Structure formats: C-alpha cells, structure tokens
Amino acid sequence: MAKIIAGISSSHVPAIGAAIDNKQTEEPYWKRVFSGFEKSKQWMAEAKPDVVIAIYNDHASAFSVELIPTFALGCAAEFPPADEGWGPRPVPVVKGHPELASHIATSVILDGFDLTIANKMEVDHGLTVPLNLMFGSPSAWPCPVIPLAVNVVQYPPPTGQRCYDLGRAIRRAVDSYPEDMRVVVFGTGGMSHQISGPRAGLINQKFDKAFLDNLTKNPKALAKMPHIEYMREAGAEGIEMVMWLVMRGALDEKVKEVYRFYTVPASNTAVGHIILENGVKAANKPAAKKAAPKKKATRKAA
Ligand SMILES: [Fe+2]
C-alpha cells in the first residue's frame, strides 16, 4: 500500500531560484539561506520518496486571471517549467505520476472536494524552487512529482480549514492506493510577506515562529485561523501559508518534527522550513503497578 511518510513545508521565494540559476548560492547573503537546507537535502536523500505531492500556487504562469481554479491537480505525465517573463528556469521537466494522480482525483472528488483536473500544465517557481531546495540541482528530478495548485492569488482563497480537510482527503486517497510506495507531501509558500502597498516589506517573526510551532503541535487550531488574521499578521502574501495546512492534514495527528530552519530575509520575505515525519507511536501508558504479593506471616522461631 502507498504510505505518506513525511511532510515538508518550505518557502518558494522566486529570488532563491534566480540565485541558483545565476550561480550566486555561495554569496554570503544567499549562503545563509541555502545552508539551512543542507540537512534537508541529506534527509531527502535518505528518505528516498517514490513520489512527491507538491502543494503550491501558480503565479499567473499556467493560469491567467481569466481562469483561476481553487484547487488544480496535475494528472499529466510531465510538467515543463513555465516562462515567468525571462524564459523558463533551467531546471529539469517535472515528471508526473498520472496513475496515482488520477486515483487521488477520483478519491478526493468522490469525498466531496471538487478539484480541477489539469492534464496539461506548466509549473513555475512555486513548485521548482522547493524542488531545488530539497533535491539540489540534478540533471533530472529523482522522483515523480504530482503538483496541486491552490489559488492564493485572487480573493477568495480557500480557508485554512478547507485546506486541512483536503489534506485529510489526500491522506485517505494515498492510503487506499494499492501499490507500495513512499510518498512525501510538500507545502510551499509563505512565510510572512507583503510585496506591495504601504506595508510592503512586512515580516512578522513572532507570528511565523508561532505558526511553525502550531503546525507541528496544534494544526487543528491553526486551521481555524481566518483569512483576516493572515492578512493582518503576515501581510497580503502571507495567505500562502494556508497551503502548508494541506500538507499537515495529510500527516498523522501526532508527528515528529525532525528539522526546522528560519531565516530573515530572503528577498522581501522570511524563509521558513520544517520537516515532519509520520509514524510516531502514541506514548505507552505506564503499566499499572501490580500489588505486591502479601508476605506470608511467619512465626519467629522461638
Ligand atoms: Fe508565492
């Protein structure tokens, strides 16, 4: 049976992609960011997932403002990098997994989530930057990737609760796929940032760190946070963090946080990253103490 082994959240700042493409990763400003993902790449090389499901948002690359699906699942065999204005990024074509993707689409739609099925789709930095951060820059991505694009570009985006519940539905879908495979789910975007208007440049470290804490320990409460609080505390683009709740919903209730990285700034945002593993056993209750056997009354020898 297929099994979700872990979830990863990561920012997908476009400038990180540009730093990789322009070979600036050793410059002090960028080294600070990339060094935070060295352990993650090692973790990923050991985890060796068979498939990645990557929750991300399209930045008007595959979908224009004429058509904005709330949730679009990539069911194609491959997803070429999109031209975001200066040519496609020099990264490998993302190979999909049409069989598992179709199974997920069927399962979650019959479960009540009216997904858009994308049989042809280009993918932008929202997807390719996290792949670079977790896999480096190989000549081919080491495993198939199923993209799930979420609208966080035009109001109204889905609620945190809806995203979390979609994650639960994806979990049920993966659990019911008959082939043995290890699946890792990415939640991308965030953290606090605002790219225009009077609050441009906003970064709220206190909010970001509390979000990471709750993502691990208290996701159900986090899922109830309304849009207005993301806007107020994390800036207009901070709403991208609802996508992390899809990832979290796909994991066990209790998870093991194996790695966290947070740094400020990268371009005009905070970079947040966390790795959560499934498979934490519920703590065994301490066994009830057995009553000590009664001592036989012995008569002292006279
Ligand atoms: Fe984004």
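Quick note: numbers below take in every heavy atom, side chains included, and nothing from hydrogens, waters or symmetry partners. Every number for a ligand or one of its atoms is a count from 1 in the order of the listing. As the structure is a computational prediction, the values presented were derived from the model and not from experiment.
For the pair R32 and Y29, the cation sits on the ring face: its NZ or CZ lies under 6.0 Å from the ring centre, inside 45° of the axis.
Screening residues 97-112 for salt bridge (Lys or Arg N to Asp or Glu O under 4.0 Å), with sequence neighbours left out, gives D111-R172.
Here the Fe ion (ligand 1) has protein N, O or S atoms under 2.8 Å from it, and they come to 3.
Interatomic distance, F79 CZ to K95 NZ, rounded to the nearest 0.5 Å: 11.0 Å.
Taking the ring centroids of H273 and Y259, they lie under the 6.0 Å cut-off. No close placement of the H97 and H103 rings is indicated, their centers lying 6.0 Å or farther apart. Between F37 and F261, the distance separating the two ring centers is shorter than 6.0 angstrom.
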